[in-house]
Trainee: 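The structure that follows is given in the form of structure tokens.
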Amino acid sequence: MDYRYQAYTFAELLRIFFERSRSEIINQNSLAQTVGVSVPTLSNWFTGKHTPRFKDQVLRLATALGLTALEADLLLCSVKEAWNTYGTQHDVLQKYAIVRYREELVSRVDAVADLDVSLATVQSTWQLIIHDSFVSNSQHWGLGYKDDGVCRVERTMINGNYQLTLHNRFHNDVFIGGDSHCFAPPSYYLSVYAQRVAGGSENDGFALIFEEISDASHAIFRIRDQLQIASVISTRNGGDYFQIHLDRTNAPMIRPAAFNQLGLLVIGQKHHFFINNVWVGSAEIERLPQARLDLGIISQSPTPVICRFQDFRLYTPPNSFAANEHSD
């Protein structure tokens, strides 16, 4: 019987981790063989009809699916609380939101972006409606700290920088934003400079957050600067729906450990992504009413990660406000 103190049942967790890890090598037949059970038994675990009888079976599942210590404890404790093996606190297991996607490393395809308008035209003719140099908090960015049991983020403004310092308690991707009050116009160009100052993993980095309704509903333009890789991912309803729009794409224009200019040009549902004024990729992404624009930090190690942001600029097309007023 599933232990229901946490948000996920064993069957839910197994399906999520399996889908995230599935490949030509890992399928239900090979997984059953690795764990040492029959395919019908494994099928009953997937459907929730039964749960494992022995702790070792779950540990073999965790190893086969490449789970972290925290994820393994989630899976173990969904069957029996006493099976907690790696010491993850129960309040953390209750709050933890699973990363449901898996990114793949792909080669960057050099191509000419089919842009609605050139970036040079945008930067020279569009209206600058927000310019935040982070010398005050006129835009009401989140300051101080917040702690959800999985990580703690400290948010400060220092010498023209908005700085996020993330303390990750587990070897998992932990992502958190600055809690902006900046709402996205119908069409816009967003530009900001970002730098990773410290970190302990090549997967640590920073992100532009957009289409953000809450911590459980957003899209991110993620930069792993040490690896020179960019990704774009959206998620809704706490991860019930996710989509990878730009996979782990090689982006040689990224300058590791230096300030990089991130750009996001949005016209309708068309989103175009830039790094240091070089187009990285484009995607059709659903627009949401009253969505916010934000800045984020990502960690995959217990070593503190520090990222700084400078020169936040938000542009809208010429006469956009007059056009909106006329349409009303």
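Quick caveat, the model's predicted, so the values are computed rather than measured.
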Trainee: So does Gln228 get a backbone contact from the side chain of Asp225, meaning a donor-acceptor N/O pair under 3.5 Å?
Mentor: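 Not a single qualifying donor-acceptor pair exists.
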Trainee: Could you go through the ring pair (Phe, Tyr, Trp, His ring centres under 6.0 Å) check for Phe134 and Tyr162 one step at a time?
Mentor: CA-CA 6 Å; Phe134 298 121; Tyr162 182 55; 5.7 Å; yes
Trainee: For Lys49, does the NZ atom sit with more than 12 other heavy atoms under 6.0 Å from it, leaving out its own atoms?
Mentor: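 Incorrect, the count does not exceed 12.
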Trainee: Quick check: does any side chain N or O of Gln195 sit under 3.5 Å from a backbone N or O of Ala257, one acting as donor and the other as acceptor?
Mentor: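 Yes, the answer is positive, given that a donor and an acceptor are paired below the 3.5 Å cut-off.
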Trainee: Measuring from Asn276:CG to Asn260:CG, what's the distance to the nearest 0.5 Å?
Mentor: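 That separation rounds to 4.5 Å.
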Trainee: Report the relative orientation of the aromatic rings in His181 and His140; use parallel for angles under 30°, tilted for 30 to 60°, perpendicular for over 60°.
Mentor: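 Because their plane-to-plane angle is over 60°, the rings of His181 and His140 count as perpendicular.
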Trainee: Can the positive tip of Arg152 be found less than 6.0 Å from the middle of the six-membered ring of Tyr145, inside 45° of the ring normal?
Mentor: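 Yes, Arg152 and Tyr145 form such a contact.
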Trainee: Where do Glu202 and Arg224 land on the salt bridge (charged side-chain N to carboxylate O under 4.0 Å, His left out) test, with the steps shown first?
Mentor: CA-CA 7 Å; Glu202 61 185 11; Arg224 296 171 170 90; over 6 Å; no
Trainee: Check whether any side-chain N or O of Ser124 sits under 3.5 Å from a backbone N or O of Ala120 as a donor-acceptor pair, and report yes or no.
Mentor: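 Answer holds: yes.
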Trainee: Which residues satisfy the salt bridge (charged side-chain N to carboxylate O under 4.0 Å, His left out) test with Asp179, sequence neighbours excluded?
Mentor: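 With sequence neighbours excluded, Asp179 shows a salt bridge (charged side-chain N to carboxylate O under 4.0 Å, His left out) to Lys146, Arg155, given in chain and number order.
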Trainee: So, His245 versus Glu284: side-chain donor-acceptor pair below 3.5 Å or not?
Mentor: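 No donor-acceptor contact under 3.5 Å links the two side chains.
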Trainee: Are Phe210 and Phe221 close enough that their ring centres sit under 6.0 Å apart?
Mentor: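 Not close enough - the centres of the two rings lie 6.0 Å or further apart.
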Trainee: Would you check if there is a donor-acceptor pair between the side chains of Ser180 and Asp294 at a distance under 3.5 Å?
Mentor: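 Short answer, no.
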Trainee: Counting only heavy atoms not in Arg53, do more than 12 fall under 6.0 Å of its CZ?
Mentor: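 Counting neighbours around CZ of Arg53, 12 or fewer heavy atoms of other residues, nucleotides or ligands fall under 6.0 Å, so no.
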Trainee: Among all residues two or more places apart in sequence or in another chain, which pass the salt bridge (charged side-chain N to carboxylate O under 4.0 Å, His left out) test with Arg308?
Mentor: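 Salt bridge (charged side-chain N to carboxylate O under 4.0 Å, His left out) list for Arg308, sorted by chain: empty.
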Trainee: If we count only N and O atoms by modelled type, under 3.5 Å, do the side chains of Asn277 and Gln123 hold a donor and an acceptor together?
Mentor: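 There is such a pair (donor and acceptor under 3.5 Å, judged by atom type) between the side chains of Asn277 and Gln123.
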Trainee: Can you give each donor-acceptor pair under 3.5 Å made by side-chain atoms of residues 31-39, sequence neighbours left out, with the distance rounded to 0.1 Å?
Mentor:
unit_1, atom_1, unit_2, atom_2, d
Thr34, OG1, Ser30, O, 2.9
Ser38, OG, Thr41, N, 3.2
Ser38, OG, Thr41, OG1, 2.9

Trainee: When the ring planes of Tyr189 and Tyr315 are compared, do they come out parallel, tilted or perpendicular, using 30° and 60° as the limits?
Mentor: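 Tilted: the ring planes of Tyr189 and Tyr315 meet at 30° to 60°.
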Trainee: Start with the C-alpha gap between Phe54 and Trp83, add the side-chain angles, then the distance that decides, and say whether ring pair (Phe, Tyr, Trp, His ring centres under 6.0 Å) holds.
Mentor: CA-CA 9 Å; Phe54 305 106; Trp83 286 2; 8.3 Å; no
Trainee: Kindly assign one of parallel, tilted or perpendicular to the pair Phe309 and Phe206, based on the angle between their ring planes and the thresholds 30° and 60°.
Mentor: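 Phe309 vs Phe206 ring planes: perpendicular.
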Trainee: State, without any angle test, whether Asn161 and Gln310 hold a side-chain donor-acceptor pair at a distance under 3.5 Å.
Mentor: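 Yes, because at least one side-chain N or O of Asn161 sits under 3.5 Å from a partner of the opposite role on Gln310.
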Trainee: Do you see a donor-acceptor pair shorter than 3.5 Å between the side chains of Asp311 and His131?
Mentor: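 A pair is found: one side chain offers a donor N or O, the other an acceptor, under 3.5 Å apart.
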